[in-house]
Structures are given as structure tokens and as C-alpha cells.
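Just so you know, ligand 1 is whichever comes first in the structure, and atom 1 is the first atom listed for that ligand.
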Amino acid sequence: MNVLVTGGAGYIGSHVVLALLDAGHSVVVIDDLSTGCSDNLPSDIPFFHVDIRDEQALRACFEKHSIDAIIHLAAKKAVGESMKHPELYFSVNVEGTRVLAQEARRAGVKTFVFSSSAAVYGNPSESPVTEHTPLAPESVYGVTKKMGEELLLWFGFTLVNLRYFNVVGYDPSGRITVPEKQPQNLFPILCETGVGVRERVQIFGTDYDTRDGTCERDYVHVTDLATAHVRALSLDESITLNLGIGRALSVRECVYAAQEVFGEFAVEDAPRRPGDPAAYYANPSRAQNVLGWEAQITDPVEMITTMKPLYE
Ligand code: WQD
């Protein structure tokens with residue numbers, strides 16, 4: 001297949017591009033390089049330095065390349081920032097998806113794989129979270145992802161809608177060399193602290209009603225996630241799939257795993273971060289059944305080991 005990957009130079013996108021090429025697909029990448037990095041892309045694939053809201057530029061891309069399917073990852077993704085700048089999130093994540101959908105339909109593309117998020121569930125009413133768990137996003141980011149899901153369905157595409165849980169790690173074979181800039185999430189923060197770029201890690205909340213009092217999340221490795229995208233291309237009906245490993249790790253367990261990889265570093269108990277749900281994890285059985293997909297990397301030490309070389 002000839003697959004267009006929007007956001008293909010980003011953290012998840014660059015791994016999806018590698019997985020597509022490994023599986024023998026052709027790839028075209030669109031990225032505005034606002035957070036992505038072209039050094040993480042093979043130099044011989046067609047690359048468009050384009051904002052997905054730019055109708056003319058998208059049209060030129062579709063005129064130049066015959067696209068069989070689109071994996072749409074281009075988006076703003078910081079929850080905190082989305083609350084401060086809702087206009088940016090509605091513009092890029094919703095209006096950008098609208099323009100892309102319009103130009104894709106014009107070009108005769110039928111299939112979309114969409115990068116959605118567990119953020120559409122908000123503070124999930126049950127765990128494990130299934131695809132039937134009620135949607136109740138609690139951030140602008142989560143709302144824009146939910147709107148993106150709906151928009152693509154209403155445009156009539158065959159939509160494989162992938163709801164990611166907490167994505168971590170890097171390509172274990174070392175093909176990605178530039179880590180995300182200004183990371184906001186726990187695992188990259190652990191790595192930066194491990195190599196001394198940060199002085200300490202703060203644990204946001206130690207009094208939750210959980211195994212050890214810290215928040216629990218379902219961390220899924222980016223390489224496993226990328227595999228799911230490739231398999232999603234072979235589906236011919238619209239479906240929503242949760243992508244997680246089906247098990248939760250606490251913040252403290254992640255800290256211990258990072259200390260096993262990097263050695264001891266300073267850790268500080270800190271107040272709860274507003275808006276954080278105590279605990280949730282995915283029920284990934286639908287993805288397992290439909291895609292024959294199962295996460296291969298489930299040990300946090302192994303996950304962090306794949307990140308270490310990028311921070312040294
Ligand atoms: C994980 C846990 C923190 C930093 C968010 C979005 C979600 C998805 C992934 C995009 C939490 C704790 C963190 C730190 C800490 N985003 N923590 N100290 O909030 O679960 O999920 O990112 O699609 O939609 O909501 O991820 O990595 O920020 O936090 O104690 O310095 O680590 O409180 O419990 P989160 P995270």
C-alpha cells in the first residue's frame with residue numbers, strides 16, 4: 001500500500017513509518033515539524049513540510065501521490081497546554097482533521113487509521129476500560145480527539161480508530177536518534193533525571209487509593225503500538241480499538257524501574273497534579289482479537305532500556 005502518515009516525523013509517527021517500511025509498504029509523510037524531527041525519518045521517503053490546515057498544500061500532495069490509506073497522527077497533544085490554549089487545539093486537531101478529510105475524500109481515499117487517545121474516556125468510570133466505557137473527556141485535548149473520531153466517521157471513511165493509553169519507549173534497534181523536545185510525560189522525565197538533566201523526579205500524589213498510593217497507568221511500548229497501526233490497514237470495516245497492555249503500573253513502580261536502568265536519583269513526594277485520575281488500564285482484548293495484536297514489551301525496565309541511548 002502507499003500510506004500517507006501525517007505527523008510522521010513525530011514521536012509516534014516516526015515509529016509508525018519504520019513499521020510500515022519494515023512491512024513492505026510505501027510511505028509519504030506530512031509534518032509541520034513543530035515538534036517532530038526530520039532526522040528521525042529515512043531520507044529517501046517523500047516528505048512534505050506542511051501544516052494539515054493548509055488546503056492547497058494537501059491538495060498538491062494528493063495530486064503528486066496516489067494514496068491508498070492515511071494514518072493520521074498530526075496533532076497537538078499536551079493536555080495542560082490544551083486547557084490554556086483551546087483555540088490552538090480546536091484549530092489543529094479538529095479543523096486540521098476537517099481539511100485533511102476534505103482533501104482525502106476529494107482524492108478518493110477511503111481508509112483512515114486515526115490516532116485517538118484514552119483521554120476521550122476522561123476519568124474512566126470503570127477499569128479495565130473497554131471500547132464501551134462511556135466517553136467523558138475532561139480536557140480540551142480529549143474533546144478534540146473525540147471530535148476527530150466523529151468527524152472522520154461522518155465523512156464516511158472506513159475508520160480504524162486507535163485509542164492509545166500511555167505510550168512510552170523508543171525503537172529497540174536504535175533507528176530513532178532524537179528524543180522528544182520538552183517532554184511532559186513521566187517516562188521521558190524519568191530518563192532526563194536518570195542522566196542528570198533534571199535534579200529530581202516529583203511523584204504527583206502519594207495518597208491515592210491505589211496499591212502504593214501513587215497513580216496507576218497502562219504503559220504501552222511505541223513499537224508495539226506502531227505494529228497495531230500496520231495491522232489496522234488490513235481491516236475493511238470501521239472499528240475502535242483500545243491499545244494498552246491490559247495492566248497498570250504505579251508511578252513508584254516506574255521510578256524503581258528507571259533507577260534499575262540508570263542507577264539511583266533523587267525522588268520527591270509532591271502534591272497531586274490537578275485532574276489526574278487515580279488509576280485506569282485498558283482491556284485490549286478487542287485489538288487482540290481483531291488485529292491478532294499483543295504487546296511484546298511489557299516490562300517497564302525493558303521499556304526504559306529502549307529509551308536510555310537517546311538520553312545519554
Ligand atoms: C503519568 C503518571 C502523573 C510526571 C497523559 C494524557 C494522555 C496521553 C498520555 C496523549 C501520572 C505521574 C508524571 C511527573 C509524576 N496523552 N507523573 N511526575 O497524565 O497519565 O496521560 O499523557 O495522548 O491522554 O492525559 O501521563 O506521563 O503525564 O503521567 O508523578 O513528573 O505519572 O501524575 O499519574 P498521563 P503522564
When you compare the side chain of Lys76 with that of Thr144, does any pair of heavy atoms fall below 4.5 Å?
no
Measuring centre to centre across the rings, with the benzene-like ring taken for any Trp, is His221 within less than 6.0 Å of Phe187?
no
I want to check something: taking the side chain as every heavy atom from C-beta on, are Val50 and Thr6 in contact at a cut-off of under 4.5 Å?
no
Does any N or O atom in Tyr280 lie less than 3.5 angstrom from one in ligand 1, N or O only?
no
Say whether Asn185, considering both its backbone and side-chain N or O atoms, lies within less than 3.5 Å of an N or O atom on ligand 1.
yes
Looking only at non-hydrogen atoms, the one of Tyr208, Phe204, Tyr141 nearest atom 15 (C) of ligand 1 is Phe204
For atom 26 (O) of ligand 1, which candidate among Val255, Asn166, Asp218, Val201 holds the nearest heavy atom?
Asn166
Give the numbers and elements of all ligand 1 atoms closer than 4.0 Å to a heavy atom of Tyr219.
1 (C), 2 (C)
With a 4.5 Å cut-off on side-chain heavy atoms, are Arg273 and Gln202 touching?
no
Tracing side-chain links under 4.5 Å among I, L, V, M, F, W and Y, which residues wind up in one group with Val129?
Val120, Tyr121, Leu135, Phe165, Tyr280
Option whose closest heavy atom lies nearest to atom 7 (C) of ligand 1, chosen from Ser115, Ser117, Ala75
Ser117
Once you measure the plane-to-plane angle for His15 and Tyr11, does it fall in the parallel (<30°), tilted (30-60°) or perpendicular (>60°) bin?
perpendicular
If the cut-off is 4.0 Å to any non-hydrogen atom of Ala119, which atoms of ligand 1 fall inside it?
24 (O)
Shortest heavy-atom approach to atom 27 (O) of ligand 1 - which of Val167, Val168, Ile189, Leu186
Leu186
Of the choices Leu190, Asp276, Leu249, Val120, which has the non-hydrogen atom that lies closest to atom 33 (O) of ligand 1?
Asp276
Atom indices of ligand 1, in the order listed, that fall short of 4.0 Å to a heavy atom of Val79:
6 (C), 25 (O)
Under 4.0 Å, counting heavy atoms only: does Ile203 come that close to any atom of ligand 1?
yes
Below 4.0 angstrom from a heavy atom of Gln202, which ligand 1 atoms are there? Numbered from 1 as shown, please.
14 (C), 15 (C), 18 (N), 30 (O), 31 (O)
Ligand-side contact atoms (ligand 1) for residue partner Cys215, heavy atom cut-off under 4.0 Å:
34 (O)
Find the distance between CG (Asp51) and CG (Asp31) and round it off to the nearest 0.5 Å.
10.0 Å
Passes salt bridge (Lys or Arg N to Asp or Glu O under 4.0 Å), Lys146 versus Glu150? Steps please.
CA-CA 6 Å; Lys146 179 169 175 287; Glu150 289 168 358; 3.2 Å; yes
Below 30° counts as parallel, above 60° as perpendicular, anything between as tilted: where do the rings of His72 and Phe112 land?
perpendicular
Enumerated ligand 1 atoms positioned under 4.0 Å from heavy atoms of Val251:
2 (C), 12 (C), 30 (O), 32 (O), 34 (O)
